[in-house]
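Okay, so here's the structure we're looking at.
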Amino acid sequence: MPPRAVPSPAAPAARRLSALGLALATAQAASGAPLGPATEDLAAQPLERLLDVEVSAASKFPQRLSESPAAATVVTAAQIRALGHRTLAEVLRSVRGVFVSSDRAYAYLGVRGSAALGDYNTRILLLIDGTRVNDTVYDQAMLGSEFPVDLDLVERVEFVPGQGSAVHGANALFGIVNVITRHAAVAGGSEAAASVGSAGARGVRLTRTWVGVDGGSLLLSASGRRSDGEDPYYPAFDDPPRSDGVSRGTDDERGEQLFAKFARGGLAATLLHADRRHGLSGEDGVVFGDPRNEYRDIQTLASVSWEQPVAEATRWTLRAYGGEYDFRGDYVIDGPAPALNHDRALSRWWGLESLLYTERFAGHRLVGGVDAEASPRRDLANRDAGADGTSYLDDHGRGERLSLFAEDQWTITPALALTAGLRHDRIDGEGHFSQRFALVGRPSEALTLKLIHGTAFREPNAYESRYDLGALGGYKGNPDLDAERVRGTELVAEFRPSPQSRWTAAAFDNRARDLISQRVDPADGLLVYRNGGTQRTHGFELEFEHAWLGGAELRLNLSEQHGDEPADASAQPAAPHRMAKAVAIWPLAAAWTLGAETLLFGPHAELAGYGLSNLTLSTQALGRAALLSVSVYDLFDRRPDDLGTGSLLQSVSPQDGRSLRLKLELAF
């Protein structure tokens with residue numbers, strides 16, 4: 001969800017929106033194994049593994065949640081289907097401490113009270129199968145319908161809150177999202193999925209898997225979706241006789257996704273391509289209701305990795321990766337003579353990571369390596385349409401990064417472990433050290449205590465530094481920005497009275513300095529990014545989880561989070577102080593499963609609090625090769641207003657009310 005800036009004499013239309021992605025709400029109920037990713041049925045898991053699932057993003061190697069130096073959350077494919085989640089943003093919305101907003105074009109993530117206007121998910125690091133995918137122009141993490149992978153192909157989503165730069169480098173200021181895609185090494189076969197829903201939403205997916213006798217496997221998948229969208233009402237644009245405030249025919253979306261994954265022995269390769277177009281509804285500075293206003297996001301990502309043992313209890317991994325992000329924004333600029341304006345950004349990058357992991361030394365898990373990345377294209381452009389259109393911006397940049405990191409998880413005694421990690425990143429000539437220390441103690445078999453302290457950083461990106469429209473106005477760049485830095489401490493208690501139940505309590509304190517926020521320069525009225533002073537956020541989270549052996553699940557969580565009031569009003573946090581969430585999955589008779597979630601958010605950024613309830617009923621009653629689900633979103637038709645964090649000047653964004661989706665998946 002890159003920040004799209006819209007050049008306008010009065011205001012920019014930089015916004016994006018969480019639309020709807022295509023995910024399928026099938027459930028893993030009491031009857032046999034469902035179609036899709038191979039996921040473990042709760043009823044088949046050993047008691048000691050219930051709820052204590054695997055997470056890999058916390059330390060770059062797999063480990064149980066109870067052992068990891070983090071208060072991580074893992075959402076499985078079965079849970080995603082049972083709850084009818086359509087986008088990655090919807091998956092994350094039910095996680096404790098997480099707040100998701102939308103401006104009807106992109107989705108924005110707030111974590112533990114950190115959600116500032118003008119931020120495009122730059123302080124969250126997004127990984128796909130452990131590979132960084134934040135682009136090198138906007139630093140953005142794509143979470144809504146702009147996320148480039150069909151959720152049907154996701155095996156699990158890991159969310160690791162806290163400062164993760166000691167492991168992963170820049171952008172992991174407040175959390176890491178790691179999306180693990182479906183492993184190709186499953187039984188070969190074909191799948192087809194189709195869905196229809198409210199506002200003319202429809203989608204289709206075709207997937208084929210081949211498994212060779214030598215153990216090699218290949219997964220190919222293609223997805224497409226269309227939506228006519230709603231006709232949202234914006235009170236700010238209710239200006240008769242010019243406009244009645246309803247944006248008609250501007251909320252449409254279309255998207256295509258291609259995905260390929262190959263595995264054989266220690267070799268694995270992934271290639272994906274996604275192209276999404278989304279219309280703009282209520283954007284400041286553009287002609288309201290003009291269907292030519294549009295965002296387009298084109299992403300291509302590739303990675304190849306080789307893993308092999310090199311010594312006793314030691315393995316080496318070499319990974320090469322690359323990506324391209326192409327943003328295209330078309331805006332009909334408001335004014336005496338409306339004109340079509342083209343806004344463009346192109347980001348290309350490639351990298352090489354070498355990682356060594358060993359358990360050769362008794363009581364130690366050691367991991368370390370080097371990561372080098374080059375970005376030969378960090379381009380920004382803006383011009384009016386036509387051969388003779390005026391050019392307002394034509395900026396070309398490049399960058400590079402070299403990183404060294406190491407971490408040791410030392411089991412001092414069977415009841416006490418110490419994690420110590422250090423990383424150095426040199427980015428475009430600037431050096432940054434990040435560290436993490438964590439004590440994990442088990443005073444009893446049922447109780448685990450974690451004390452975690454870490455630091456994180458983020459360099460200003462090309463958009464914040466160099467997006468300057470000159471004579472057109474609206475925006476100006478700031479090449480003098482300093483890097484953001486965050487220092488955080490967290491105390492976590494995990495209590496498991498039984499293998500099927502877990503209580504988690506976490507208290508956190510984050511102190512940030514030089515946070516970059518968008519504000520209006522009173523001298524000229526233009527938007528500009530500037531460093532702020534220090535800011536502190538602190539709070540408390542409580543969660544209860546229970547998993548029944550028959551497949552039923554319950555998750556309840558409560559979050560309380562507060563931040564110091566910044567001196568500049570434009571840097572006010574946009575996250576609510578209080579959140580409460582309830583998620584339940586319940587297998588019914590005859591292979592039916594009910595998934596329900598209720599999400600309550602307190603007031604934030606001068607907006608009223610609201611609650612959302614979603615229901616999904618799914619079944620395999622048509623046969624083990626057919627999965628059918630029906631979902632109802634915003635069950636009580638609350639239609640909340642939201643503040644997408646794309647720009648200080650954008651209007652409040654109305655959200656959709658009650659909507660439906662019907663989805664069928666077949667295997668053959």
Side-chain angles (χ1 to χ4, degrees), residues 20-44 75-87 90-91 149-156 181-198 200-211 217-227 257 259 261 550-553 584-597 614-633 659-668:
L20 51 105
L22 164 60
L24 107 117
T26 54
Q28 186 166 356
S31 66
L35 297 173
T39 57
E40 293 179 317
D41 186 357
L42 284 173
V75 183
T76 67
Q79 293 166 337
I80 292 171
R81 284 189 164 88
L83 294 168
H85 291 149
R86 299 164 293 184
T87 67
E90 291 184 351
V91 175
V149 179
D150 192 317
L151 274 194
D152 287 2
L153 306 176
V154 171
E155 180 180 299
R156 70 179 188 271
T181 59
R182 186 194 304 187
H183 198 281
V186 297
S190 300
E191 298 175 17
S195 65
V196 293
S198 301
R202 60 270 192 202
V204 64
R205 174 180 61 87
L206 298 174
T207 302
R208 173 67 178 170
T209 301
W210 294 268
V211 179
S217 58
L218 175 65
L219 184 151
L220 297 177
S221 185
S223 305
R225 66 181 184 277
R226 300 289 186 273
S227 174
Q257 296 168 325
F259 181 85
K261 190 169 185 177
E553 302 178 56
I585 299 172
W586 198 265
L588 306 175
W592 289 82
T593 295
L594 178 66
E597 61 180 355
N614 307 313
L615 289 178
T616 294
L617 185 64
S618 47
T619 183
Q620 290 182 278
L622 300 178
R624 292 169 59 87
L627 299 172
L628 178 67
S629 69
V630 58
S631 300
V632 185
Y633 306 97
S659 60
L660 303 175
R661 188 191 66 170
L662 178 69
K663 184 155 190 178
L664 175 66
E665 184 178 12
L666 301 172
F668 48 91

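Note: hydrogens, waters and symmetry copies are ignored here, and every other heavy atom, side chains too, is used.
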Residues Arg81 and Asp152: closest non-hydrogen pair is NH2-O, 3.4 Å
Tightest non-hydrogen contact, residues Leu206 and Ala192, listed as CD2-CB, 3.8 Å
Does Tyr633 use its side chain to pair, donor to acceptor, with the backbone of Gly84 at less than 3.5 Å? yes
Looking at CD of Glu597 and CG of Leu83, how far apart are the two atoms once the value is rounded to the nearest 0.5 Å? 5.5 Å
Is there a donor-acceptor contact under 3.5 Å linking the side chains of Arg156 and Thr76? no
With a 4.0 Å cut-off on N to O distance, would you call Glu191 and Arg182 a salt bridge? yes
I need the Glu155 CD to Leu153 CG distance, nearest 0.5 Å. 11.5 Å
Measure the spacing between CG of Leu151 and NE2 of His85 and express it to the nearest 0.5 Å. 9.5 Å
Assess, by modelled atom type and distance only, whether the side chains of Arg225 and Ser223 contain a donor and an acceptor separated by less than 3.5 Å. no
Do you know the tightest heavy-atom contact between Pro587 and Thr593? CA-OG1, 4.0 Å
Could you tell me the separation between the CD1 atom of Ile80 and the CD atom of Glu90, rounded to the nearest 0.5 Å? 11.0 Å
To the nearest 0.5 Å, tell me how far Leu622 CG sits from Leu664 CG. 7.0 Å
Atom OG of Ser198 and atom CG of Leu662: how far apart are they, to the nearest 0.5 Å? 11.0 Å
Assess the side chains of Ser221 and Thr207: does a donor N or O sit below 3.5 Å from an acceptor N or O? yes
Begin from the C-alpha positions of Gln257 and Arg205 and carry the test side chain to side chain contact (heavy atoms under 4.5 Å, CB included) through to its verdict. CA-CA 9 Å; Gln257 296 168 325; Arg205 174 180 61 87; over 6 Å; no
With side chains defined as the heavy atoms from C-beta onward, is the minimum distance between Leu218 and Arg208 less than 4.5 Å? no
